[in-house]
Amino acid sequence: MSDTIEEKIKNYRTAPFDARFPNTNQTRNCYQNYLDYHRCNKALSAKDQDTAPCDWYQRVYKSLCPNSWVQKWDDQLEGGSFAGKI
Amino acid sequence: MAFPSQLGFQDAASPVMEELLTFHDHALMIVFMISALIGYFIIAMVTANLSDMYILDSQEIEIIWTVLPAVVLILIALPSLRILYLMDEVNDPHLTIKAMGHQWYWSYEYTDYENLEFDSYMIPTQDLAPGQFRLLEADHRLIVPAESPIRVLVSAEDVLHSWAVPALGVKMDAVPGRLNQTAFIASRPGVVYGQCSEICGANHSFMPIVVEAVPLQQFEDWSALMIQDA
């Protein structure tokens with residue numbers, strides 16, 4: 001399972017079509033992948049597992065999310081004021 | 001690009017725009033034919049010296065001039081819907097670019113691999129080189145690989161803007177806090193221009209968009225250079 005994820009990350013070109021977000025408004029797509037990356041990190045580190053599979057979500061949110069949004073959310077996470085549930 | 005006393009659309013630089021051009025030709029031809037027919041009727045009636053006093057019910061012609069317009073409307077609707085669904089197809093982009101609208105410039109981010117971002121300001125008229133286009137040129141162009149499906153995510157950092165490039169058949173509103181997706185394929189290498197299409201303050205007319213499609217190898221060389229210089 002992790003081999004295929006590694007393959008996918010290695011052959012990453014750009015964020016693929018996500019059927020959960022088929023329409024013009026991709027705001028949620030960006031936000032959801034940002035959340036998923038941090039949740040994945042938190043979950044896997046809690047179980048002392050390798051967090052490499054979480055890199056997929058990071059690649060996707062880095063592709064989709066404007067840098068200013070990522071910067072703002074990262075600052076909020078650091079400061080403890082991030083509104084999303086991680 | 002646009003030129004003085006232009007009547008029609010700019011030449012298409014993407015497959016979608018080609019379809020839109022053909023559809024427009026089709027719909028406009030129907031419009032001209034109907035106008036010519038009506039124009040003939042008007043002139044014929046106005047210039048006739050005789051009049052028919054016995055025009056009463058006429059079932060046949062009533063049917064004809066109800067059914068025929070319905071058929072014409074269908075002939076317009078079918079190609080229109082075809083293009084609508086074509087534009088809505090699931091595409092598999094090779095590259096994602098973010099276009100962020102600011103007062104009064106665009107910034108572009110290529111973050112699929114490295115983090116490449118830069119601002120694109122209009123070149124002021126007094127700084128134009130001979131041959132450059134007034135109010136359309138920008139200091140940094142959006143370089144894209146030709147013949148590749150590109151996804152553009154449009155947003156804004158302050159007020160509403162709109163990212164439009166007519167030759168590519170693309171227009172997408174830039175809304176703060178929202179990420180709007182559009183896509184295009186540049187059919188061939190070349191430079192195409194657009195302008196901000198949503199009123200955004202004093203310099204709304206002075207934040208153009210310039211897209212330069214280049215062969216893939218050139219795109220890769222350019223992006224490597226840009227990242228190095230950053």
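Any value given below was found using the heavy atoms of this structure, including those in side chains, with hydrogens, waters and symmetry copies removed. So you know, we letter chains A, B, ... as the sequences are listed, proteins then strands, and number each from 1.
No more than 12 heavy atoms of other residues, nucleotides or ligands sit less than 6.0 Å from atom OH of A/Y57. Around CG of B/D139, the count of heavy atoms belonging to other residues, nucleotides or ligands within 6.0 Å exceeds 12.
Nearest heavy-atom pair across B/K98 and A/S63 is CE-O, 3.1 Å. Closest approach of B/D112 and A/Y12 over heavy atoms only: O-CE2, 3.8 Å. Considering every non-hydrogen atom in both B/P93 and A/A15, the closest pair reads CG-O, 4.3 Å. When all heavy atoms are compared, the tightest approach of A/T27 to B/R178 is OG1-CA, 3.4 Å.
Taking 4.5 Å as the limit, every side-chain heavy atom of B/L179 sits out of range of all side-chain heavy atoms of A/Y31. Within the 4.5 Å cutoff, the side chain of B/Y113 has no heavy atoms near those of the A/K62 side chain.
For A/P66, the parts sitting under 4.5 Å from any heavy atom of chain B are the backbone and the side chain alike. Heavy atoms closer than 4.5 Å to chain A are found nowhere in B/Y110, neither backbone nor side chain. Proximity to chain A is limited to the side chain of B/N115, based on heavy atoms less than 4.5 angstrom apart.
Ion pairing of B/D92 with A/R13 is present here, as a side-chain N (NZ or NE/NH1/NH2) and a carboxylate O approach within less than 4.0 Å.
Interface summary for chain A: among B/S107, B/G177, B/S155, the most heavy-atom pairs under 4.5 angstrom belong to B/G177.
Between atom CZ of residue A/F17 and atom CZ of residue B/R151 there is a gap of 9.5 Å, rounded to the nearest 0.5 Å. Taking CG of A/N25 as the start and CD of B/Q181 as the end, the distance is 10.0 Å to the nearest 0.5 Å. Taking CG of A/N67 as the reference point, atom CD of B/E109 lies at 4.0 Å (rounded to 0.5 Å). Atom CD1 of B/I97 is separated from atom OG1 of A/T14 by 9.5 Å, given to the nearest 0.5 angstrom.
A/Q26 contributes no side-chain N or O that, together with a main-chain N or O of B/L153, makes up a donor-acceptor pair within less than 3.5 Å.
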